[in-house]
Each structure stands twice: as structure tokens, then as C-alpha cells.
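Just so you know, ligand 1 is whichever comes first in the structure, and atom 1 is the first atom listed for that ligand. Both backbone and side-chain heavy atoms feed into the values below; hydrogens, waters and symmetry mates do not. Residue numbers count from 1 along this sequence.
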Amino acid sequence: MEALDVKNVTHRFGTFTALSEVSLKISPGDFTVLLGLNGAGKTTLYSLITRLYNNKSGSIKIYGFNVREESSDALKNIGVVFQQPTLDLDLSVIENLNYHSALHGMPRNQAQEKIKQEVQRIGLIDCINKKIRSLSGGQRRRIEIARSLLHSPKLLLLDEPTVGLDIDSRQMILSHVKNLCKKENLAVLWATHLVDEIDKGEKVIIIDKGKVVKTGKVDDILKNTKSKNIRQSFNKLVKINR
Ligand SMILES: Nc1ncnc2c1ncn2[C@@H]1O[C@H](COP(=O)(O)OP(=O)(O)OP(=O)(O)O)[C@@H](O)[C@H]1O
Ligand SMILES: [Mg+2]
């Protein structure tokens with residue numbers, strides 16, 4: 001069973017086509033990078049998967065549930081870290097996370113346990129009573145990742161989670177999420193425009209101007225595009241389209 005199965009999804013804003021016949025699949029345990037420049041359509045795709053926008057064409061299934069017809073069964077499996085920060089700056093870490101767990105209908109005791117576990121795992125247990133406003137950008141991002149995992153989703157969508165962070169914070173977040181794929185069979189779609197976040201052997205979906213231009217493991221993409229590294233492949237593939 002695929003964690004995420006997107007088939008022939010097109011999305012228009014008025015007369016502008018932001019996504020055109022997009023298809024992709026992600027299996028449980030996969031760490032998949034969605035690579036595309038600004039305006040490629042990454043956030044639009046996430047908005048359709050999470051049902052912020054209604055998908056009018058094609059189909060989107062999460063662990064077999066269609067987001068259009070079986071929304072609540074589909075959506076309860078997803079955790080999301082949005083491109084724009086969404087924590088309440090004037091509330092503490094624990095207050096922000098309590099709010100999220102309540103939204104998901106988690107019983108209070110169970111929620112407290114899980115909040116502590118996730119905040120501990122991401123290395124910020126000492127900050128649990130601090131206001132978000134007093135945390136650094138990297139710490140806030142880590143709290144958003146902890147929050148996205150509270151309801152134990154099986155598919156995690158992250159939209160440019162490391163933008164603006166220093167190398168150490170980026171590395172920490174990246175390895176935390178990759179670990180979850182390996183250890184907990186979590187399926188991850190990681191949207192970025194940064195080719196240096198891609199390791200050998202990983203699966204990459206390259207999107208440009210609303211179209212998937214290449215999908216595959218890094219090694220296969222390199223062979224296929226006769227390139228030395230993924231940056232070169234990306235430049236070749238994206239140039240073809242311009
Ligand atoms: N609400 C909207 N109304 C009209 N056009 C939109 C809207 N949202 C996005 N677009 C357009 O759709 C295209 C895809 O935008 P999207 O935000 O999905 O790209 P992205 O890959 O997430 O880019 P970035 O890396 O800058 O976040 C862009 O050309 C953008 O201008
Ligand atoms: Mg975006």
C-alpha cells in the first residue's frame with residue numbers, strides 16, 4: 001500500500017496552470033525529496049494533498065484513502081510542517097502543542113506523554129515552558145516538527161523546513177527526520193530547492209513549472225542525465241523546460 005499516491009493532478013489559479021498532470025508515489029519508510037525552484041508548484045501540491053485546496057482533477061490517496069471522498073480517514077494519517085511558521089509566538093511550547101493535540105482529539109494524559117517524548121527527542125525539553133518568541137528560528141522549526149508528529153502520522157509533509165537555518169540546525173532536522181523514516185517506517189515528502197539536502201540512494205522528484213520532470217533514485221537520475229552530481233542533473237532537466 002502506497003503512503004501517498006497522486007495521479008494526474010492539475011490545478012489552476014484562474015487561467016494560470018500551477019500544476020499540470022502531476023503523478024507521484026511514496027512508500028512507507030521512503031524519504032523523498034521534492035526538488036523545485038521558487039514557483040515550481042511545491043506548496044500548491046501540498047495544499048492539495050492536505051485539502052486546503054479541493055483537487056478537481058485526478059486523485060490523491062493517502063494509505064488508500066481518497067482525500068476527496070474519505071477526507072477524515074485520509075487526513076488523520078498526515079503530519080505537516082508548513083512553509084510559513086504557524087506557532088503562536090505569545091504562547092509557550094507546551095501551550096502550542098497542547099492546542100494541536102486537542103485539535104486532534106487526543107486524550108489529555110496521552111497527549112502530555114507524547115508532547116514530552118517528541119520535545120525530548122528533538123532536543124528541546126529544557127525549552128518546554130518558554131514562549132515561542134524567545135526561541136531561535138531553528139528551535140521554532142524543531143518545535144513545529146515535534147508538533148507535526150504528536151498524532152503519530154504515517155506520512156509527513158515538510159515544505160522547505162530548513163530555509164533560513166544555519167548548517168547545524170539544518171543537519172539536525174534532516175537527520176532527525178531521516179531517522180524516523182528508518183526506525184518508524186514513516187513516509188516523508190521533503191520539499192526544497194536545495195540540492196545539497198539530497199544524499200546518494202535517496203528518491204527525488206524534480207518539479208518544474210508545475211510538471212514532474214524526473215522521478216527516481218539519485219544514482220539513476222545521474223546515469224539517465226549523464227551528470228556528475230544532482231545539481232548538474234537538475235540544471236540540465238530544468239533548462240530543457242525553459
Ligand atoms: N493563491 C494563488 N493565486 C494565484 N497564483 C498562485 C497562488 N498560489 C501560488 N500561485 C502561483 O502558482 C505557482 C506555484 O506556486 P507555489 O507556491 O506552489 O510554488 P513553490 O514551488 O512552493 O515556490 P516557493 O519555493 O517559492 O515556495 C507560482 O507561479 C505562484 O505564483
Ligand atoms: Mg512554496
Heavy-atom nearest neighbour in the protein, as seen from [atom], with distance rounded to 0.1 Å:
atom                    : value
atom 26 (O) of ligand 1 : Asn38 ND2, 3.0 Å
atom 18 (O) of ligand 1 : Thr44 OG1, 2.6 Å
atom 14 (C) of ligand 1 : Gly39 O, 3.3 Å

Given Phe16, Tyr53, Phe13, which one has a non-hydrogen atom that is nearest to atom 3 (N) of ligand 1?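 The nearest heavy atom belongs to Phe13.
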Mark the output for [X] as yes if a heavy-atom distance to ligand 1 is under 4.0 Å, and as no if none is.
X     : result
Leu37 : yes
Gln83 : yes
Gly36 : no

Closest approach of Phe31 and Val33, non-hydrogen atoms and distance?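 In this case the closest contact between Phe31 and Val33 is CE2-CG2, 3.6 Å.
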Answer with yes or no whether the hydrophobic clustering places Phe13 together with Leu45; edges join I, L, V, M, F, W, Y residues whose side-chain heavy atoms lie under 4.5 Å apart.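 Phe13 clusters together with Leu45.
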In terms of hydrophobic clusters joined by side-chain contacts under 4.5 Å, are Leu149 and Leu174 together?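 They do share one cluster, since a chain of ILVMFWY contacts under 4.5 Å joins Leu149 to Leu174.
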For ligand 1, note which part of His193 has a heavy atom under 4.0 Å away: side chain, backbone, both or neither.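 None of His193 does.
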Using a cut-off of 6.0 Å, state whether more than 12 heavy atoms not belonging to Lys61 lie near its atom NZ.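 Not buried by this count: 12 neighbours or fewer within 6.0 Å.
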Is it true that a side-chain atom of Thr32 and a backbone atom of Asp30 form a donor plus acceptor pair closer than 3.5 Å?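 Side chain of Thr32 to backbone of Asp30, a donor-acceptor pair under 3.5 Å: no, none is there.
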Is the backbone of Phe82 close enough, under 3.5 Å, to the side chain of Glu144 for a donor and an acceptor to pair up by distance?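 Side chain of Glu144 to backbone of Phe82: no pair is present.
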For Thr43, the ligand 1 atoms whose distance to one of its heavy atoms is below 4.0 Å: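 Near Thr43, meaning under 4.0 Å from one of its heavy atoms, ligand 1 has 17 (O), 18 (O), 20 (P), 22 (O), 27 (O).
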How many degrees, to 10°, between Gln83 OE1 and Thr43 OG1 as seen from the Mg ion (ligand 2)?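 Rounded to 10°, it measures 80°.
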Got an N/O contact under 3.5 Å between Ala18 and ligand 1?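 No, since none of the N or O atoms of Ala18 sits under 3.5 Å from an N or O of ligand 1.
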Flag: protein heavy atom within less than 4.0 Å of atom 31 (O) of ligand 1: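 It does not: no protein heavy atom is found less than 4.0 Å away from atom 31 (O) of ligand 1.
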Sub-4.0 Å protein heavy atom next to atom 6 (C) of ligand 1: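 Yes, because at least one protein heavy atom sits under 4.0 Å from atom 6 (C) of ligand 1.
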Using side chain to side chain donor-acceptor pair (under 3.5 Å), reason through Ser27 and Glu2 one step at a time and then give a plain yes or no. CA-CA 5 Å; Ser27 305; Glu2 299 296 346; 3.2 Å; yes
Please lay out, stage by stage, how Val119 and Arg142 fare under the test side chain to side chain contact (heavy atoms under 4.5 Å, CB included). CA-CA 8 Å; Val119 176; Arg142 279 150 70 190; over 6 Å; no
Is the ring pair His100/His104 parallel, tilted or perpendicular, if the boundaries are 30 and 60 degrees?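 The arrangement is tilted - the two ring planes meet at 30° to 60°.
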